[in-house]
Amino acid sequence: AQTVTQSQPEMSVQEAETVTLSCTYDTSESDYYLFWYKQPPSRQMILVIRQEAYKQQNATENRFSVNFQKAAKSFSLKISDSQLGDAAMYFCAYRALYGGATNKLIFGTGTLLAVQP
Amino acid sequence: NAGVTQTPKFRVLKTGQSMTLLCAQDMNHEYMYWYRQDPGMGLRLIHYSVGEGTTAKGEVPDGYNVSRLKKQNFLLGLESAAPSQTSVYFCASSYSTGGNGYTFGSGTRLTVV
């Protein structure tokens, strides 16, 4: 069964600095998707960034980028120029490529990011 | 463009009471899901549906039932609420292929006393 592990329950970063959140996963599949979701205090789940496993190029979205290491099954999120609005719980998630009964998002336990002014 | 709508947003139940959480999506998604979120445990899948009239158990199904009589709606029922079911519940929907992730509702905070 696929699993997702986030080993950092809490992280802290100074405003304008860079922070990296770690995520590892386990799967026997070769094709899949990986996601980072942000959950601010409003509780809404917001998709931050997505990575297709068959793409070698790391995904980027403005100040957010990932370091995808397929062989190591590692998928870290880097937030550059951190802003107060980045403070949130961040979830790493895995999803199989194709549909069917096993096509579900599997979440890590989350990393709570605090941004210090 | 409403996306995924969950009702209610907050609810307090007494032990033994029953209730139904409602989820509606307007994106014509085939798949729908119910998750619960608890501190330190991330989101865990309760039940899911891959189409109208079909449901399946997820990781933590005990104490819950679901129904999907219409493609756009997915209902989560608690027949006899227990304090262990105090949690935040999220509904989500998606297309059958994996690339687009999920669209989430805004969550329901349920407290069972």
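As a basis for the values below, the full set of heavy atoms in this structure was taken, side chains included, without hydrogen atoms, waters or symmetry mates. Protein chains get the first letters and strands the later ones, always in sequence-line order, with residue 1 at the start of each. Note that the structure is a prediction, hence the values are computed from the model and not measured.
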_Residues of residues 104-113 of chain B contacting chain A, heavy-atom criterion under 4.5 Å, by residue number_ = F104(B), G105(B), S106(B), G107(B), T108(B), R109(B)
_Contact residues of residues 51-65 of chain B (partner chain A; heavy-atom separation under 4.5 angstrom)_ = none
Cluster overlap [X] with [Y], hydrophobic side-chain contacts below 4.5 Å:
| X | Y | value |
| --- | --- | --- |
| I106(A) | W34(B) | no |
| M19(B) | L69(B) | no |
| L77(A) | Y25(A) | yes |
| M32(B) | V66(B) | yes |
| V50(B) | L75(B) | no |

*Answer yes or no for R43(A) and F10(B): cation-pi contact, defined as NZ/CZ to six-membered ring centre under 6.0 Å and angle to ring axis within 45°.*
yes
_Atom NZ of residue position K78(A) - does it have more than 12 heavy atoms of other residues, nucleotides or ligands inside 6.0 Å?_
no
*asked:* Counting only heavy atoms from other residues, nucleotides and ligands, does the tally under 6.0 Å from CD of Q17(B) exceed 12?
replied: yes
*Quick check: does any side chain N or O of Y102(B) sit under 3.5 Å from a backbone N or O of L105(A), one acting as donor and the other as acceptor?*
yes
*Side chain, backbone, both or neither of Y32(A) within contact of chain B (heavy atoms, under 4.5 Å)*: neither
*Check each atom of Q39(A) against the heavy atoms of chain B and say whether the ones under 4.5 Å are side chain, backbone, both or neither.*
side chain
*asked:* Set out, in order, the CA-CA distance, both residues' side-chain angles and the distance that settles side chain to side chain contact (heavy atoms under 4.5 Å, CB included) for M45(A) and Y35(B), then state yes or no.
replied: CA-CA 12 Å; M45(A) 295 288 285; Y35(B) 284 83; over 6 Å; no
*asked:* Counting only non-hydrogen atoms closer than 4.5 Å, does L45(B) touch chain A with its backbone (N, CA, C, O), its side chain (CB onward), both, or neither?
replied: side chain
*From Q37(B) CD over to T109(A) OG1, what is the distance, rounded to the nearest 0.5 angstrom?*
11.0 Å
